[in-house]
Protein chains: 2
Amino acid sequence: MGDVFKALADPTRRHILDELAERDDQTLFEICARLGSKHQFTSSRQAVSQHLELLEAAGLVHTRREGRYKFHTLDTRPLAQIAERWIRTKPQEKP
Amino acid sequence: MGDVFKALADPTRRHILDELAERDDQTLFEICARLGSKHQFTSSRQAVSQHLELLEAAGLVHTRREGRYKFHTLDTRPLAQIAERWIRTKPQEKP
DNA sequence: TTGATAGGCAAGTAATGACTTGCCTATAGT
DNA sequence: ACTATAGGCAAGTCATTACTTGCCTATCAA
């Protein structure tokens, strides 16, 4: 569960999540290409690969093998709970 | 805005937020003491102080001076938006 | 005023994390 | 079979960051 927070801490990983939110089921190379063109983020293949490993370990990304391709899909469920951890205990704000 | 994610990445800072969610308006020494007794987290005063600086810079904690005391209060508003960043785009959207 | 308490500042250390480099395997197309 | 493509593994580099150490200022109580 603490892995989710660590996963979200890096701006490149957040861009990867942005990219997967826009278009699901992408391969590593597709993500690399789109990060460069759309989000002006130049990361090497290995760098992105390691980020995806981390995101998968955090449960934010699931993968599916198909031949020599590995598709990555976004799972937003872990995100739903993280914010509520502190919000629930706080009834209301002071003005 | 990216500061919020970085602020949440550290387990000690999350414990500090837990503590402030339970009891607001605490001083640095109070937070230190409670981190040790309740959450079994032994962090030095300076370490906690630096964490609080970071949390304040992220907008998650506000401070108020009163004599020689400095009270820390939790602000959960930045948390509300972070999760929605990816959740909102999921079903369908984007014109 | 003295001493104790609450906190701040800054330089240094140690550890974590992001990224690179080089090589390797497997699948698909020709 | 040969080659290009998609991806994996592992050791190493470099930057960031968490934490320490030592000393300093300010407030309050006796």
Side-chain angles (χ1 to χ4, degrees), chain A residues 1-20 23-37 39-73, chain B residues 1-20 23-37 39-73:
Chain A
M1 179 66 190
D3 295 332
V4 180
F5 293 105
K6 274 192 187 173
L8 294 174
D10 187 81
T12 304
R13 283 195 289 272
R14 294 199 293 273
H15 281 293
I16 293 176
L17 294 182
D18 286 338
E19 186 46 47
L20 287 176
R23 171 183 297 215
D24 233 333
D25 274 310
Q26 293 194 70
T27 69
L28 172 57
F29 277 68
E30 283 174 323
I31 295 170
C32 283
R34 287 172 177 277
L35 279 183
S37 61
H39 306 273
Q40 335 286 30
F41 240 80
T42 51
S43 289
S44 75
R45 177 183 65 87
Q46 291 85 348
V48 175
S49 174
Q50 284 166 8
H51 283 308
L52 285 169
E53 269 185 69
L54 225 153
L55 288 169
E56 191 176 4
L60 289 164
V61 164
H62 297 160
T63 61
R64 163 176 56 91
R65 260 274 176 194
E66 235 169 77
R68 61 173 161 175
Y69 299 104
K70 188 178 183 183
F71 295 98
H72 301 262
T73 65
Chain B
M1 179 66 188
D3 294 330
V4 180
F5 292 105
K6 274 192 186 171
L8 294 174
D10 186 83
T12 304
R13 282 195 288 272
R14 293 198 295 273
H15 280 294
I16 292 176
L17 293 181
D18 287 337
E19 184 47 46
L20 286 176
R23 170 183 297 216
D24 232 333
D25 274 311
Q26 292 194 70
T27 68
L28 171 58
F29 276 68
E30 283 174 324
I31 294 169
C32 284
R34 287 173 177 275
L35 279 182
S37 62
H39 306 274
Q40 334 285 34
F41 239 81
T42 51
S43 290
S44 75
R45 177 182 65 88
Q46 290 84 347
V48 175
S49 174
Q50 285 166 7
H51 283 308
L52 285 169
E53 268 185 69
L54 226 153
L55 289 169
E56 191 177 4
L60 290 164
V61 163
H62 297 162
T63 60
R64 163 176 57 90
R65 260 276 176 192
E66 235 169 76
R68 61 175 162 175
Y69 300 104
K70 187 178 185 183
F71 295 98
H72 301 261
T73 65

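Each chain gets a letter, A, B and so on, in the order its sequence line appears, and its residues count up from 1. Computed over heavy atoms, backbone and side chain alike; hydrogens, waters and symmetry mates excluded.
The CG atom of B/Leu35 sits 11.0 Å away from the OG atom of B/Ser44 when rounded to the nearest 0.5 Å. Taken from CG in B/Asp25 to OH in B/Tyr69, the straight-line distance is 14.0 Å, to the nearest 0.5 Å.
Heavy atoms only, all atoms of each residue included: A/Ala47 and A/Ser43 are closest at CB-CB, 4.5 Å. A/Leu20 and A/His72 make their closest contact through CD2-O, 3.5 Å (heavy atoms, listed as atom of the first residue, atom of the second, distance). When every heavy atom of A/Thr27 is checked against every heavy atom of A/Phe71, the shortest pair comes out as CG2-CE2, 3.7 Å. Scanning all heavy atoms of the two residues, the minimum distance from B/Ala9 to A/Lys6 falls at O-CG, 3.9 Å.
Contacts between chain B and DNA chain D, taken as any atom within less than 4.0 angstrom of a protein heavy atom, begin and end at D/dT17 to D/dC28.
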Contact pattern, 5' to 3', of nucleotides 14-20 of chain C - B, S or - by protein heavy atom under 4.0 Å: ---SSBB
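Considering only heavy atoms from C-beta on, A/Leu28 comes within 4.5 Å of A/Arg45 through its side chain.
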Tell me, with the steps shown, if A/Arg34 and A/Arg23 meet side-chain contact (heavy atoms from CB on, under 4.5 Å). CA-CA 10 Å; A/Arg34 287 172 177 277; A/Arg23 171 183 297 215; 2.8 Å; yes
The test is side-chain contact (heavy atoms from CB on, under 4.5 Å); show your working for A/His15 and A/Thr12 and say whether it passes. CA-CA 5 Å; A/His15 281 293; A/Thr12 304; 5.5 Å; no
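Of the possible polar contacts, one joining the A/Thr73 side chain to the A/His62 backbone as a donor-acceptor pair under 3.5 Å is found.
Taking five base pairs at each end of the helix from C/dT1-D/dA30 to C/dT30-D/dA1 and finding the rotation axis that steps the C1' atoms of four pairs onto the next four gives two axes whose angle is 20°, to the nearest 10°.
Residues from residues 25-34 of chain A lying near DNA chain D, meaning a heavy-atom separation below 4.0 Å, are A/Thr27, A/Leu28, A/Phe29 in numerical order. Within residues 59-69 of chain A, the residues approaching DNA chain D are A/Arg65, A/Arg68, A/Tyr69, by heavy-atom distance under 4.0 Å.
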Donor-acceptor list for residues 48-61 of chain A side chains, cut-off 3.5 Å, not counting sequence neighbours:
residue : atom : partner : partner atom : Å
A/His51 : ND1  : A/Arg13 : NH1          : 3.0
A/Glu56 : OE2  : A/Thr63 : OG1          : 2.9

